[in-house]
Every structure is written in structure tokens, then in C-alpha cells.
Amino acid sequence: MTLALGIGAGGGALFNLLHLPLAWLMGAMLFTTAAAMAGVRLHVPRPLRGAMVMILGVMLGSGFTPAILGRLGEWTVSLSGLAAYLAVATVLGVLFLQRTARLDPATAYFTATPGGLNEMVMVGTRMGGDTRTTALAHALRVMLVVIVIPFAFQALGLYDPAKRGTLGPALSALDPVDVALLALCALGYPLARLLRVPAAQIVGPMLLSAGIHLAGLTEGRPPGLLVAGAQVVIGAALGCRFTGLKLSRVGRDGVTALGLTGLMLLVTTAAACAVDAATGLGIAALILAFAPGGLAEMTLVALALNIDVALVATHHMVRIILIVTLAPAAYLAWRKWAAVAERR
């Protein structure tokens with residue numbers, strides 16, 4: 001653990017010095033991935049990552065200011081577009097994986113579905129899919145999206161390093177009342193877990209934080225040093241997923257994941273352009289809102305690039321809820337239809 005966090009912090013610090021987008025997360029992720037692929041034994045404990053995810057949830061919830069309430073009506077079209085995007089991206093992804101990688105239906109479906117890694121791996125395994133293939137493909141997809149989008153934004157002029165969003169205030173600048181209120185937001189996790197809310201560790205604290213900020217009880221945010229540390233832990237945890245994997249396995253599945261991610265990003269961009277033409281919400285914000293990355297990672301990208309965090313976080317929460325609740329039923333309906341079609 002110490003080695004993983006040390007390598008992650010070193011990578012994050014270097015990327016921060018170079019003024020790269022999402023420096024602490026991306027630097028930690030890439031450096032630990034390289035070390036893991038080189039055979040170094042690395043590990044980030046799940047409870048530590050969970051605690052850091054809760055901190056990010058509180059941070060992201062602070063982006064929901066009272067001014068957001070007047071904009072909720074603007075998001076109905078984009079949220080409807082999100083549902084259509086998920087269906088199209090999943091269908092195209094399944095076709096791609098079955099025809100190029102020759103994956104079985106369960107593995108192809110739960111690998112192509114742009115949902116949470118843990119949820120898709122667990123459900124896919126229960127449905128008969130290959131656990132290792134699904135987990136590796138999702139991990140590679142999230143990593144590729146986190147790498148590609150910030151640099152693509154920078155190349156296209158959608159990101160200016162001089163306008164990077166701040167991670168947060170100094171601890172000394174926070175009022176004790178604000179500190180107490182922000183700390184109480186951690187209670188959102190057990191409450192969300194009790195209510196069986198998907199991605200409870202980040203969604204629960206984020207919703208509670210959003211509630212106290214929307215109510216005007218505080219304008220405080222977690223200190224920047226803590227947020228940077230959370231990014232290092234999450235980035236290192238992503239990199240550690242590749243520990244023990246053979247280069248041949250990663251290379252073979254990596255090509256498939258690269259093709260799948262490229263396809264999904266093309267669909268994401270097309271959907272964002274279509275929704276932007278109808279709503280004017282902005283191409284950059286909509287690409288981040290629809291991007292097939294993780295909730296924590298994509299909202300962190302939005303925070304780092306100073307792009308509408310509330311819009312991005314809301315759309316990814318809805319994405320997770322839609323996928324977790326509807327994807328298994330949609331898969332069963334598809335297989336039942338396929339069985340009937342074969343008998344004919």
C-alpha cells in the first residue's frame with residue numbers, strides 16, 4: 001500500500017508540475033499502472049478507496065448551488081438523450097464485441113454496457129459471463145476515457161490550463177461550522193446503502209452535500225490537499241487493478257477495449273452534438289455527461305477542467321441508476337427473444 005501510494009503521489013506531483021489536466025488522478029493512475037504491469041506488487045485497500053470516494057462525493061455535492069434549481073428544467077432533454085445514448089451504445093458495443101472478439105452473449109453484453117465496473121462484473125458473472133474479461137475491459141475503458149478526454153479537450157481548445165478549476169480551499173480557510181457540516185455528509189453513505197442506492201459510497205455523500213449547499217447552509221468545500229490525496233488514492237487503485245496480469249492478456253484485451261472505447265466515444269460525441277443543438281448546454285459539458293467513464297472519474301474531469309460539475313454529476317448518477325436497474329432485465333429479454341428466434 002505504501003509503495004502504491006508513493007508511486008501514485010509521485011506521478012500526480014509530476015503531472016501537476018507539468019500543468020496537465022486532472023493531474024493528481026491521471027498521474028497516479030498511469031504511474032501505478034506502469035509499475036503493476038512491470039511486476040511490482042501494489043495494493044490499495046478497498047476501505048481506504050471508499051473513504052476517499054466519500055470525500056469526493058462531498059466535494060462534488062458542493063457544486064450544487066441554489067442557482068442550479070432554476071436550471072433543472074433545461075436538463076430534461078439531455079437526460080432523455082442520455083437514455084437513448086445508453087441503448088444505442090450498448091447495442092453497437094455488443095455487435096462489435098461479438099463480431100471482432102467473438103465473445104459469448106453474456107460477456108459481450110455486460111462488457112459493452114457503459115455502467116459501473118463492480119455492478120456489471122457481478123451481474124455478468126451471475127448471468128454466465130467471463131468475469132476476468134468483463135472486469136479487464138471495464139477497467140481499461142475507464143482508464144482510456146480518463147486519458148483521452150482531457151487531452152482531446154486540450155487539443156481542441158476546450159480546455160485552457162490557465163483556467164483549471166481549483167481543488168478546494170486551504171484547511172485554515174474553512175469555518176469550524178462548515179467543517180462540521182461537511183463531515184456530517186459522510187452519513188450519506190450508510191443511508192444510501194440502507195436504501196440500496198447504486199454507487200452508495202459516492203452518491204450518498206454527494207446527495208447530502210448537495211442538499212445542504214442547495215439549502216444555503218454552507219458554501220464550504222473539502223480542503224484542496226484532501227481532494228488531491230483522494231485523487232491519488234483513486235488513481236492508484238485504478239492502476240493496481242492491473243497487478244498480476246500478463247502482458248499478453250492485457251495486450252489482446254487491450255486492443256478490444258481500445259476499439260470498444262473508440263466506438264463509444266464516437267457515439268458519445270454524436271449524442272452530445274445532437275443534444276447541444278437542441279438545448280445549447282455546451283458540447284464539452286455534454287461529452288463529459290455522456291462519456292462512458294466512472295461517476296467519480298468523469299465528475300473529477302469536469303472539476304479539473306472547470307466545466308459544469310452539477311450537470312455532469314447528475315447525468316452520471318442517472319446513468320448508473322438506469323443501467324443497474326434496467327440492464328439485467330434488458331439482457332434477459334434479449335436472450336428470451338433470441339431463443340424464440342432460433343426455434344423459428
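This chain uses plain numbering: 1 for the first residue, then up along the sequence.
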* Structure fact -> So OG1 of Thr100 and CG of Leu260: to nearest 0.5 Å the spacing works out to 8.5 Å

* State, with a plain yes or no, whether a side-chain heavy atom of Arg46 is found less than 4.5 Å away from one of Arg49. => no

* Structure fact -> In terms of heavy-atom contacts, Cys185 and Ser209 come closest through SG-CA, 3.5 Å

* Asked: For Ala257 and Leu140, which heavy atoms make the closest approach, and how far apart are they?
  -> CB-CB, 3.7 Å

* To do: Output all residues satisfying side-chain hydrogen bond (donor to acceptor under 3.5 Å, both in side chains) with Thr90, sequence neighbours left out; order by chain, then residue number.
  => none

* Asked: Leu97 versus Thr256: any side-chain heavy-atom pair under 4.5 Å?
  -> yes

* Structure fact -> Apart from Leu217 itself, its cluster of hydrophobic side chains linked below 4.5 Å comprises Val177, Leu181, Ile212

* To do: Determine, using the 4.5 Å side-chain heavy-atom cutoff (strictly less than), whether Val58 and Met206 are members of one ILVMFWY cluster.
  => no

* **Validation row: His43, Cys240 side chains within 4.5 angstrom (heavy atoms)** => no

* Val53 and Leu194: same hydrophobic cluster, using ILVMFWY side-chain contacts below 4.5 Å? -> no

* What is the distance from atom CE of Met1 to atom CZ of Arg41, rounded to the nearest 0.5 Å? -> 15.0 Å

* Which pairs, with at least one residue in residues 194-207 and sequence neighbours excluded, count as a side-chain hydrogen bond (donor to acceptor under 3.5 Å, both in side chains)? -> none

* Under the ring pair (Phe, Tyr, Trp, His ring centres under 6.0 Å) rule, what pairs show up with a residue in residues 198-230, not counting sequence neighbours? -> none

* Out of curiosity, Thr113 OG1 to Leu322 CG, how far, rounded to the nearest 0.5 Å? -> 12.0 Å

* Could you give the distance from CG (Leu286) to SG (Cys273), rounded to the nearest 0.5 Å? -> 9.0 Å

* To do: Write down the atom of Val94, the atom of Ala108, and the distance for their closest heavy-atom approach.
  => CG2-O, 3.9 Å

* Structure fact -> Residues pairing under ring pair (Phe, Tyr, Trp, His ring centres under 6.0 Å) where one sits in residues 281-306, two or more places apart or in two chains, turn out to be Tyr85-Phe290

* **Co-members of the apolar cluster containing Val91 [side chain, <4.5 Å]** => Leu95

* **Non-hydrogen side-chain atoms of Leu82 and Arg319 separated by less than 4.5 Å** => yes

* To do: In sequence, state the C-alpha distance, the side-chain angles, and the governing distance for Met264 and Val145, and then conclude on side-chain contact (heavy atoms from CB on, under 4.5 Å).
  => CA-CA 10 Å; Met264 287 188 169; Val145 169; over 6 Å; no

* To do: Compute whether any side-chain donor of one residue and acceptor of the other, for Thr107 and Asp130, lie under 3.5 angstrom apart.
  => no

* Structure fact -> Hits for side chain to side chain contact (heavy atoms under 4.5 Å, CB included) against Glu219, two or more places apart or cross-chain, chain-then-number order -> none

* Asked: Quick one: are Val146 and Met29 in side-chain contact, heavy atoms under 4.5 Å?
  -> yes

* To do: Please lay out, stage by stage, how Met298 and Val301 fare under the test side-chain contact (heavy atoms from CB on, under 4.5 Å).
  => CA-CA 5 Å; Met298 288 300 96; Val301 173; 4.0 Å; yes

* Shared ILVMFWY cluster between Val227 and Tyr189, side chains joined below 4.5 angstrom? -> no

* Nearest-0.5 Å distance, CG of residue Leu14 to CG of residue Leu30 -> 10.5 Å

* Asked: Do the side chains of Thr279 and Trp75 get nearer than 4.5 Å, heavy atoms only?
  -> no

* Note, Leu288 side chain near His316 side chain (heavy atom, < 4.5 Å) -> no

* Between Asp178 and Thr218, is there a donor-acceptor pair closer than 3.5 Å when you use the side chain of the first and the backbone of the second? -> no

* Structure fact -> When rounded to the nearest 0.5 Å, the distance separating OG1 of Thr269 from CD1 of Ile287 is 4.5 Å

* Asked: Do Met54 and Ile234 sit in the same hydrophobic cluster, where Ile, Leu, Val, Met, Phe, Trp and Tyr count as joined when their side-chain heavy atoms come under 4.5 Å apart?
  -> no

* To do: Under the salt bridge (Lys or Arg N to Asp or Glu O under 4.0 Å) rule, collect the residues that match up with Asp308, sequence neighbours excluded.
  => Arg71

* Heavy-atom check, side chain of Met127 versus side chain of Leu332, under 4.5 Å -> yes

* What pair of heavy atoms forms the shortest contact from Leu208 to Gly188, and how long is it? -> CD2-N, 3.6 Å

* Polar side-chain atom of Tyr109 near backbone of Ala327 as donor-acceptor pair, under 3.5 Å -> yes

* Structure fact -> Thr32 and Ala4 have their tightest heavy-atom pair at CG2-O, 3.5 Å

* **side-chain hydrogen bond (donor to acceptor under 3.5 Å, both in side chains) involving Thr111 - partner list, sequence neighbours excluded** => Thr134

* **Nonpolar side-chain network containing Leu144, other nodes, edges under 4.5 Å** => Leu258

* Asked: Residues in side-chain hydrogen bond (donor to acceptor under 3.5 Å, both in side chains) with Ser78, at least two apart?
  -> His315

* Kindly give the heavy-atom pair with the smallest separation between Val232 and Gly8, and that separation in Å. => CG1-C, 3.8 Å

* By ring-ring contact (aromatic ring centres under 6.0 Å, His included), which residues pair with Phe96, not counting sequence neighbours? -> none

* Asked: Are Phe151 and Leu265 grouped together when hydrophobic residues (ILVMFWY) are joined by side-chain heavy atoms under 4.5 angstrom apart?
  -> yes

* side-chain contact (heavy atoms from CB on, under 4.5 Å) evaluation trace for Trp24 with Phe15 -> CA-CA 7 Å; Trp24 293 101; Phe15 275 41; over 6 Å; no

